[in-house]
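Computed from a predicted model, the values in this text were never measured in an experiment. In what follows, chains are A, B, ... by sequence order, proteins preceding strands, each numbered from 1.
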4 protein chains.
Amino acid sequence: MRVGETANAAGAPAERGRLDKRRAIVEAALRVFARNGYAEASLDMIATEAGVAKPTIYNHLGSKENLFRYVMTTTATRSNAKALEVLEGFPKEAGGLRGGLEDVAARLVDCYCDERSEAVRRLLYAEALRFPDLYDAVRASGADQFIEALAGRLARLANAGHLSIADPVRAANQFIALVYEELPVRSTLGTRPLGPDEAGEVVRAGVDTFLRAFAASGGGDESAQPPAPAPAP
Amino acid sequence: MRVGETANAAGAPAERGRLDKRRAIVEAALRVFARNGYAEASLDMIATEAGVAKPTIYNHLGSKENLFRYVMTTTATRSNAKALEVLEGFPKEAGGLRGGLEDVAARLVDCYCDERSEAVRRLLYAEALRFPDLYDAVRASGADQFIEALAGRLARLANAGHLSIADPVRAANQFIALVYEELPVRSTLGTRPLGPDEAGEVVRAGVDTFLRAFAASGGGDESAQPPAPAPAP
Amino acid sequence: MRVGETANAAGAPAERGRLDKRRAIVEAALRVFARNGYAEASLDMIATEAGVAKPTIYNHLGSKENLFRYVMTTTATRSNAKALEVLEGFPKEAGGLRGGLEDVAARLVDCYCDERSEAVRRLLYAEALRFPDLYDAVRASGADQFIEALAGRLARLANAGHLSIADPVRAANQFIALVYEELPVRSTLGTRPLGPDEAGEVVRAGVDTFLRAFAASGGGDESAQPPAPAPAP
Amino acid sequence: MRVGETANAAGAPAERGRLDKRRAIVEAALRVFARNGYAEASLDMIATEAGVAKPTIYNHLGSKENLFRYVMTTTATRSNAKALEVLEGFPKEAGGLRGGLEDVAARLVDCYCDERSEAVRRLLYAEALRFPDLYDAVRASGADQFIEALAGRLARLANAGHLSIADPVRAANQFIALVYEELPVRSTLGTRPLGPDEAGEVVRAGVDTFLRAFAASGGGDESAQPPAPAPAP
DNA sequence: AATGAATGAGAATTCATTCAT
DNA sequence: TATGAATGAATTCTCATTCAT
């Protein structure tokens, strides 16, 4: 039994203990990698934090590199699932469009700013050269799917005449850029907590700009926000 | 006897060699850190690549950590200087506004995609937790200055009635987000070269969205781009 | 229901499987020890190669050290039995003496060059210090018995006047030295296959020298070989 | 400066200390390898026994494997030099032939039974599979040279009519086999000291058999030894 | 100022062995 | 009886750093 396996549904009690250990290892590993980066995370730390002996990690995951890959893809997949759930609340009509977008954006940003997501993002950057394939794998199982789904939602709104969008994929990318990209800077790459509603402000401003750009021209945007007062930098 | 950089006739040869070594060390260090990350960059590699003995690095820079800080801030400062130069070409009138913005954005993106900048960005992410102060230092001496300057330029255009911007700092951030943020993904965090004009497309689309959102409402945008046909993703 | 080869009605099936496992373990162990030496042979390898679980080895043989001892003495005993069989063809008269000795020597050398014998010899050398008693045990159950038997045969020939031998044990040792000792060198200690008839040449030359030295002085050696032309080294 | 180097004649004082350390490492390594075999010799032991820190071994010799190779070839080369010296006393005339051969053989056997030689022999056997090339290298720089030299001496005696030898290389091999090969068995592969004159007896008996076989036929062997009384096995 | 040499501390990984089932 | 899982101990090797020159 090795890495890729999924638990057999009705596990024997022994199997149960085994899976507990495995889970403990993976969770500890994410924490330790997040705190220290790949190179400076030692298996000693991970073993201690997981409450298992070092060789147990090797029994389960094979090697440090493999453990890292597993932790990263697993975590990214979980994050992605949450992000996709967010899309279910995507507005489908013009009525409440702004509010709907803000809501979706806020919850999306929440996913992105989750401690684990931030950790994965930092680690991907950090190890982009050591694990070039990993970035692609994580994107494929994560952000790319999300972009596609978001593009589909935007296209529907455009088809219905509520938005004016030529290239939905690009618009999706721009949407995310507008509502999120200022935040890593403000949180020092997810290292420092954001102030209350700091994310909210960025989200509202981002959605505002997005709607200014893409709201269907004749479009009665019911609640065109008045120019907000400049927040402190 | 230490002499400044102004026409010192005599006495420099020894001092000259010393500075050469220091420069060689710093340059080698950037390359090695960029390739391997902080933890896996060994002073042996750096010393070899710089053509000096290991203790010489200590003589000049004190410690690995200090060398890293020095390399990062120095490089970031240099990058920033280039970015600020770009702003000098910023358009000041409505005529040629789109072209001017595209030009500025293109050159800015060029700076951001420079090998050294990408390396610094990756390293900042990677070591955000180990060197939390470093991120702030680099931002302060780099991107923050640039944002402020860009915000100033935008504000001038707004004052002149060419753009409609309530919060120039936020608009500056959004400008950068729109014209740049898609690129790291496409280049695998600066690890893979971009296709020809891949950056150009992103830049044009970003400026287009920016102008849709912020062009002064009555504003005769001389060349309002028609909705582009959707490019292949 | 599995039945043994003697008509034991009841009780054997489980026992049968057990013995099979034991045999599999011992055989796998010999191969693995031979390939890797004692220290670098892991019980994992042995278990895998034997097709059993690691603890099963402990159930059967107790410990790595004990397994090693058992494998070595067992194998040596088997080798010895074969060598003793060879002696049954030992010539008993002057007629065909040379041919008979060559024949015996050839078959003896064959035993010595058997893969398993070579392995045991290498392992004995390798572990002479770690298992000093093992060497004696293996000698006692192996080569020493053979020397004694060979000495007996030579003594009989001497008594019958066909050979002139003062100390039969020493002569036996010298016989073996003459017909065998060049071979380990040529086969890199049993690690490389010998060329065709490489062993044959050494054997013939050895027997020739032996007969020159020990043929009964008046002795009509029926086929005193003329000095052979020097073979290529 | 690396492995193969020989000391520069007039070493600076610093260089002197360096060479001392290197020598200490190599000598300690031979002892530890001899006691424990390759696999069970740890660099910790070697470092401790040499009185240096572990990394110093790596600085000097690069890796455990390389250290082993170096120790083996170095030691073998030294042994060989001694063996070749022995040949200088080789008898050149019929007069005193037996005594001369016995003398040479005794001193040769002394070389072979030297603690270091025995250790190298054991290690070669032990690691024949792990380091197949090493055996050849050691033979080439050691025993093979000696065999050739001995063959030359025997050929001279044959040319002069004092011996009757068809194939001198083979005769050289047989000479060594006769005077030496019984000894490893008696000393448990060099692991146990030989009794007083145990080697002497084997040597005399070996030379006796050799001369019986190869003394020039008409040859007045001045002191044809009477058949010795059989010694106790 | 620059360097060759040396080292203490710590890294990943493997192994013989033992439980609990 | 046979086994999957777990582990303490030990291995090779690397690294940042310091001396003596």
Report the nucleotide, chosen from [options], that has the shortest atom-to-atom distance to any side-chain atom of [X].
X	options	result
D/A53	E/dG8, E/dA2, F/dT14	E/dG8
B/K64	E/dA16, E/dA2, F/dT17	F/dT17
A/V52	F/dA16, F/dT7, E/dT13	F/dT7
A/P55	F/dT7, E/dT3, F/dT17	F/dT7

If you compare every side-chain N and O of B/H60 against the phosphate oxygens of E/dA1 (OP1, OP2), does one of them come in below 4.0 Å? no

Under 4.0 angstrom between D/K54 side-chain N/O and F/dA10 OP1 or OP2: no

Pairing string of DNA chain E (Watson-Crick or G-U wobble, both atom distances under 3.5 Å; | = paired to other strand) is .||||||||||||||||||||

Answer with base, sugar-phosphate or nothing: what part of the nucleic acid does A/A47 contact at a heavy-atom distance below 4.0 Å? nothing

Which residue, C/A39 or D/T56, contacts DNA chain E at a nucleotide closer to its 5' end, judged by nearest heavy atom? D/T56

Taking the nucleotide of DNA chain E with the nearest heavy atom to each, does A/S63 or C/A41 sit closer to the 5' end? A/S63

For the aromatic rings, using the six-membered ring if either is Trp, is the centroid distance between C/Y125 and C/Y135 under 6.0 Å? no

Most 5' of B/M45 and D/Y38 on DNA chain F, judged by nearest nucleotide: D/Y38

Can you name the salt bridge (Lys or Arg N to Asp or Glu O under 4.0 Å) partners of B/R69, sequence neighbours left out? B/E65, B/D133

Show me, pair by pair, the donor-acceptor contacts under 3.5 angstrom made by side chains of residues 44-53 of chain D, not counting sequence neighbours?
| unit_1 | atom_1 | unit_2 | atom_2 | d |
| --- | --- | --- | --- | --- |
| D/T48 | OG1 | D/D44 | O | 2.9 |
| D/E49 | OE1 | D/R35 | NH2 | 2.8 |
| D/E49 | OE2 | D/R31 | NE | 2.8 |

